[in-house]
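Everything numeric here is computed off the predicted structure, so don't read it as measured data. Proteins get letters first, then strands, A, B, ... in listed order; numbering begins at 1 in each.
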Amino acid sequence: GQQLNQSPQSMFIQEGEDVSMNCTSSSIFNTWLWYKQDPGEGPVLLIALYKAGELTSNGRLTAQFGITRKDSFLNISASIPSDVGIYFCAGQGGSEKLVFGKGTKLTVNP
Amino acid sequence: EPEVTQTPSHQVTQMGQEVILRCVPISNHLYFYWYRQILGQKVEFLVSFYNNEISEKSEIFDDQFSVERPDGSNFTLKIRSTKLEDSAMYFCASSVTGEWYGYTFGSGTRLTVV
(Lines give C-alpha, C1' and ligand atoms only; values in the text may rest on other atoms or scores of the structure.)
Protein backbone atom coordinates (compact mmCIF):
# COMPACT_ATOMS: atom_id res chain seq x y z
CA GLY A 1 0.00 0.00 0.00
CA GLN A 2 0.94 3.65 -0.11
CA GLN A 3 3.36 4.69 2.60
CA LEU A 4 5.04 7.91 3.57
CA ASN A 5 8.49 7.86 5.16
CA GLN A 6 8.88 10.82 7.46
CA SER A 7 12.09 11.95 9.11
CA PRO A 8 13.43 12.70 11.56
CA GLN A 9 11.35 10.84 14.11
CA SER A 10 12.06 13.45 16.77
CA MET A 11 13.91 16.73 17.15
CA PHE A 12 15.11 18.67 20.17
CA ILE A 13 15.97 22.30 19.43
CA GLN A 14 16.53 25.59 21.15
CA GLU A 15 14.02 28.39 20.84
CA GLY A 16 14.91 30.57 17.88
CA GLU A 17 16.44 27.79 15.81
CA ASP A 18 15.16 26.73 12.42
CA VAL A 19 13.72 23.25 11.87
CA SER A 20 13.43 21.08 8.80
CA MET A 21 11.60 17.79 8.35
CA ASN A 22 10.73 15.80 5.26
CA CYS A 23 8.65 13.03 3.79
CA THR A 24 9.24 10.71 0.89
CA SER A 25 7.08 8.16 -0.84
CA SER A 26 7.40 5.52 -3.50
CA SER A 27 3.96 6.55 -4.77
CA ILE A 28 2.84 9.75 -6.43
CA PHE A 29 0.37 11.89 -4.53
CA ASN A 30 -1.79 14.62 -6.02
CA THR A 31 -1.73 16.64 -2.81
CA TRP A 32 0.69 16.83 0.08
CA LEU A 33 -0.43 18.17 3.40
CA TRP A 34 1.37 19.08 6.59
CA TYR A 35 -0.51 18.77 9.88
CA LYS A 36 0.33 19.57 13.48
CA GLN A 37 -1.07 17.55 16.36
CA ASP A 38 -1.09 18.80 19.93
CA PRO A 39 -1.52 16.28 22.78
CA GLY A 40 -5.09 14.99 23.01
CA GLU A 41 -6.17 16.84 19.89
CA GLY A 42 -6.84 16.00 16.28
CA PRO A 43 -4.50 16.96 13.44
CA VAL A 44 -4.75 20.58 12.34
CA LEU A 45 -3.83 21.52 8.79
CA LEU A 46 -0.81 23.81 8.43
CA ILE A 47 -0.03 23.85 4.74
CA ALA A 48 -1.43 22.18 1.63
CA LEU A 49 0.55 21.65 -1.58
CA TYR A 50 -1.03 20.57 -4.83
CA LYS A 51 1.29 21.69 -7.60
CA ALA A 52 4.52 19.83 -8.25
CA GLY A 53 7.47 22.03 -7.37
CA GLU A 54 5.25 24.41 -5.43
CA LEU A 55 6.79 26.35 -2.54
CA THR A 56 4.25 27.70 -0.08
CA SER A 57 4.61 29.74 3.08
CA ASN A 58 2.32 30.25 6.04
CA GLY A 59 3.93 32.67 8.48
CA ARG A 60 7.11 31.02 9.78
CA LEU A 61 6.29 27.78 7.97
CA THR A 62 7.50 26.97 4.48
CA ALA A 63 6.79 23.76 2.61
CA GLN A 64 7.67 22.49 -0.82
CA PHE A 65 6.10 19.80 -2.97
CA GLY A 66 8.74 17.84 -4.83
CA ILE A 67 8.81 18.00 -8.61
CA THR A 68 8.24 14.23 -8.81
CA ARG A 69 5.24 14.46 -6.43
CA LYS A 70 6.96 11.90 -4.23
CA ASP A 71 8.46 14.10 -1.55
CA SER A 72 7.98 17.23 0.49
CA PHE A 73 9.73 19.18 3.20
CA LEU A 74 8.51 21.50 5.92
CA ASN A 75 10.66 24.23 7.42
CA ILE A 76 9.88 26.17 10.56
CA SER A 77 11.92 29.30 11.06
CA ALA A 78 12.73 30.98 14.38
CA SER A 79 11.01 28.33 16.48
CA ILE A 80 9.02 29.30 19.57
CA PRO A 81 7.83 27.14 22.49
CA SER A 82 4.30 26.79 21.09
CA ASP A 83 5.74 25.01 18.04
CA VAL A 84 6.03 21.94 20.26
CA GLY A 85 3.96 19.05 18.98
CA ILE A 86 3.93 16.26 16.44
CA TYR A 87 4.10 17.19 12.78
CA PHE A 88 2.64 14.81 10.22
CA CYS A 89 2.90 14.80 6.48
CA ALA A 90 -0.06 13.34 4.63
CA GLY A 91 -0.73 12.57 1.02
CA GLN A 92 -3.91 12.37 -0.94
CA GLY A 93 -3.98 10.73 -4.32
CA GLY A 94 -6.78 9.25 -6.34
CA SER A 95 -9.21 8.79 -3.45
CA GLU A 96 -10.62 10.64 -0.47
CA LYS A 97 -8.42 9.02 2.13
CA LEU A 98 -5.31 10.64 3.55
CA VAL A 99 -2.16 8.59 4.02
CA PHE A 100 -0.11 9.82 6.96
CA GLY A 101 3.57 9.64 7.78
CA LYS A 102 4.69 8.48 11.23
CA GLY A 103 5.24 11.98 12.48
CA THR A 104 8.09 14.15 13.73
CA LYS A 105 7.94 14.99 17.42
CA LEU A 106 9.31 18.48 17.98
CA THR A 107 10.56 19.69 21.35
CA VAL A 108 11.57 23.32 21.73
CA ASN A 109 13.68 24.27 24.72
CA PRO A 110 13.19 27.86 25.89
CA GLU B 1 -14.90 28.49 13.04
CA PRO B 2 -16.95 25.33 12.32
CA GLU B 3 -15.83 22.23 14.20
CA VAL B 4 -16.18 18.49 14.03
CA THR B 5 -17.44 17.39 17.44
CA GLN B 6 -16.76 13.97 18.92
CA THR B 7 -18.22 12.32 21.98
CA PRO B 8 -17.24 10.96 24.38
CA SER B 9 -13.69 12.25 24.69
CA HIS B 10 -12.65 9.10 26.53
CA GLN B 11 -14.34 5.72 26.75
CA VAL B 12 -13.27 2.69 28.70
CA THR B 13 -14.87 -0.62 27.80
CA GLN B 14 -14.43 -4.26 28.59
CA MET B 15 -13.12 -6.61 25.95
CA GLY B 16 -15.96 -8.14 23.97
CA GLN B 17 -18.34 -5.24 24.58
CA GLU B 18 -19.86 -3.14 21.84
CA VAL B 19 -18.98 0.54 21.64
CA ILE B 20 -20.41 3.38 19.60
CA LEU B 21 -18.33 6.45 18.96
CA ARG B 22 -20.23 9.54 17.94
CA CYS B 23 -19.38 12.45 15.71
CA VAL B 24 -21.17 15.55 14.53
CA PRO B 25 -19.53 16.65 11.26
CA ILE B 26 -19.56 20.20 9.97
CA SER B 27 -23.05 20.91 8.77
CA ASN B 28 -22.49 21.53 5.05
CA HIS B 29 -19.94 18.77 4.63
CA LEU B 30 -20.84 15.75 2.51
CA TYR B 31 -17.94 13.35 3.06
CA PHE B 32 -17.30 11.71 6.40
CA TYR B 33 -14.37 9.68 7.67
CA TRP B 34 -13.03 7.72 10.56
CA TYR B 35 -9.33 7.42 11.30
CA ARG B 36 -7.56 5.85 14.23
CA GLN B 37 -4.22 6.44 15.92
CA ILE B 38 -2.72 3.80 18.17
CA LEU B 39 -0.69 5.47 20.90
CA GLY B 40 2.57 6.82 19.56
CA GLN B 41 1.87 5.74 16.01
CA LYS B 42 0.65 7.36 12.82
CA VAL B 43 -2.91 8.24 11.95
CA GLU B 44 -4.51 5.46 9.88
CA PHE B 45 -7.53 5.63 7.58
CA LEU B 46 -10.46 3.39 8.46
CA VAL B 47 -13.41 4.33 6.29
CA SER B 48 -14.99 7.04 4.18
CA PHE B 49 -18.72 7.58 3.82
CA TYR B 50 -20.61 9.53 1.19
CA ASN B 51 -24.21 9.63 0.06
CA ASN B 52 -25.23 7.23 2.83
CA GLU B 53 -22.83 4.50 1.92
CA ILE B 54 -19.23 3.47 2.44
CA SER B 55 -17.11 4.77 -0.42
CA GLU B 56 -13.79 3.31 0.69
CA LYS B 57 -12.47 1.26 3.60
CA SER B 58 -9.11 -0.04 4.73
CA GLU B 59 -8.20 -3.59 5.68
CA ILE B 60 -8.43 -2.52 9.33
CA PHE B 61 -12.17 -1.93 8.86
CA ASP B 62 -13.31 -5.54 9.11
CA ASP B 63 -16.70 -7.02 9.95
CA GLN B 64 -16.41 -5.89 13.56
CA PHE B 65 -16.71 -2.27 12.42
CA SER B 66 -19.71 -0.45 11.00
CA VAL B 67 -20.62 3.15 10.34
CA GLU B 68 -23.94 4.86 10.21
CA ARG B 69 -25.46 8.26 9.69
CA PRO B 70 -28.64 7.74 11.69
CA ASP B 71 -29.97 11.26 11.18
CA GLY B 72 -28.98 14.46 9.42
CA SER B 73 -26.28 15.42 11.87
CA ASN B 74 -24.62 12.42 13.53
CA PHE B 75 -22.07 10.00 12.14
CA THR B 76 -21.23 6.96 14.23
CA LEU B 77 -18.60 4.24 14.35
CA LYS B 78 -19.62 0.99 16.00
CA ILE B 79 -17.19 -1.69 17.09
CA ARG B 80 -19.23 -4.82 17.68
CA SER B 81 -16.96 -6.84 19.96
CA THR B 82 -13.97 -4.87 21.12
CA LYS B 83 -10.50 -6.35 21.38
CA LEU B 84 -7.53 -5.08 23.36
CA GLU B 85 -5.86 -4.00 20.12
CA ASP B 86 -8.79 -1.69 19.34
CA SER B 87 -7.46 0.64 22.04
CA ALA B 88 -6.59 3.83 20.18
CA MET B 89 -7.58 7.41 19.53
CA TYR B 90 -10.40 7.51 16.98
CA PHE B 91 -10.74 10.64 14.89
CA CYS B 92 -13.77 11.63 12.89
CA ALA B 93 -13.27 13.98 9.95
CA SER B 94 -15.47 15.60 7.36
CA SER B 95 -14.97 17.48 4.13
CA VAL B 96 -17.06 19.32 1.60
CA THR B 97 -15.86 17.72 -1.58
CA GLY B 98 -13.67 14.76 -0.63
CA GLU B 99 -10.63 16.80 -1.56
CA TRP B 100 -8.08 18.10 0.96
CA TYR B 101 -9.68 21.53 1.12
CA GLY B 102 -11.81 21.89 4.18
CA TYR B 103 -10.89 18.41 5.45
CA THR B 104 -11.38 18.91 9.19
CA PHE B 105 -10.62 16.53 12.05
CA GLY B 106 -12.37 16.29 15.39
CA SER B 107 -10.48 16.17 18.68
CA GLY B 108 -10.90 12.43 18.92
CA THR B 109 -12.26 9.79 21.27
CA ARG B 110 -9.72 7.85 23.27
CA LEU B 111 -10.95 4.26 23.46
CA THR B 112 -9.41 2.03 26.09
CA VAL B 113 -10.30 -1.65 26.01
CA VAL B 114 -9.55 -3.51 29.23
Side-chain angles (χ1 to χ4, degrees), chain A residues 1-10 21 23-25 27-52 54 56 58 63 65 69 72 85-107, chain B residues 1-10 21 23 25-26 29-51 53-61 88-111:
Chain A
Q2 294 171 313
Q3 285 195 354
L4 296 183
N5 300 308
Q6 186 170 353
S7 63
Q9 192 173 359
S10 61
M21 57 194 80
C23 270
T24 60
S25 170
S27 307
I28 290 174
F29 286 98
N30 296 331
T31 305
W32 278 79
L33 308 163
W34 285 94
Y35 285 87
K36 183 185 180 212
Q37 185 180 30
D38 291 326
E41 298 291 328
V44 174
L45 182 66
L46 298 174
I47 287 184
L49 304 156
Y50 53 97
K51 293 180 184 175
E54 177 182 8
T56 296
N58 179 8
F65 194 177
R69 293 184 173 269
S72 175
I86 301 178
Y87 292 79
F88 290 98
C89 61
Q92 188 180 43
S95 76
E96 303 144 33
K97 74 177 183 186
L98 300 183
V99 178
F100 282 82
K102 291 188 176 180
T104 295
K105 185 175 182 179
L106 178 64
T107 302
Chain B
E1 181 151 344
E3 288 185 341
V4 174
T5 305
Q6 289 187 244
T7 54
S9 57
H10 190 185
L21 309 183
C23 169
I26 294 174
H29 285 191
L30 302 176
Y31 294 78
F32 313 112
Y33 315 92
W34 284 101
Y35 287 77
R36 81 168 185 194
Q37 184 180 31
I38 294 171
L39 186 64
Q41 298 189 25
K42 66 179 178 180
V43 178
E44 300 174 289
F45 170 78
L46 292 179
V47 65
S48 59
F49 190 86
Y50 170 71
N51 201 25
E53 60 183 26
I54 291 174
S55 48
E56 188 175 358
K57 61 183 181 179
S58 71
E59 56 265 18
I60 302 169
F61 194 88
M89 196 78 162
Y90 287 82
F91 292 107
C92 175
S94 67
S95 70
V96 177
T97 64
E99 297 290 321
W100 64 269
Y101 183 77
Y103 209 117
T104 304
F105 285 85
S107 294
T109 293
R110 177 167 298 284
L111 177 66

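Heavy-atom distances place the side chain of Gln37(B), and not its backbone, under 4.5 Å from chain A. If you measure heavy-atom distances from Gln6(A) to chain B, you find no contacts under 4.5 Å at all. Within the 4.5 angstrom heavy-atom criterion, only side-chain atoms of Gln92(A), from C-beta onward, approach chain B. Heavy atoms of Thr31(A) lying under 4.5 Å from chain B belong exclusively to its side chain. Proximity to chain B involves both the backbone and the side chain of Leu98(A), based on heavy atoms less than 4.5 angstrom apart.
The shortest heavy-atom contact between Phe100(A) and Phe105(B) is CZ-CZ, 3.7 Å. Here the shortest heavy-atom pairing between Tyr35(B) and Glu96(A) reads OH-O, 4.4 Å.
Against chain A, the residues from residues 40-47 of chain B that qualify, each with a non-hydrogen atom under 4.5 angstrom away, are Gln41(B), Lys42(B), Val43(B), Phe45(B) in number order. At a heavy-atom cut-off of under 4.5 Å, chain A is reached by Met89(B), Phe91(B) from residues 88-97 of chain B, listed in order of number.
Within 6.0 Å of NZ in Lys36(A) there are more than 12 heavy atoms belonging to other residues, nucleotides or ligands. Atom CD of Gln3(A) sits in a sparse spot, with 12 or fewer heavy atoms from other residues, nucleotides or ligands closer than 6.0 Å.
Applying the salt bridge (Lys or Arg N to Asp or Glu O under 4.0 Å) rule to Lys57(B) yields no partners; only residues at least two apart in sequence or on another chain are considered. Evaluation of the side-chain contact (heavy atoms from CB on, under 4.5 Å) rule for Ser9(B) yields no partner, not counting sequence neighbours.
Atoms NZ and OH, from Lys97(A) and Tyr103(B) in turn, are 10.0 Å apart once rounded to the nearest 0.5 Å.
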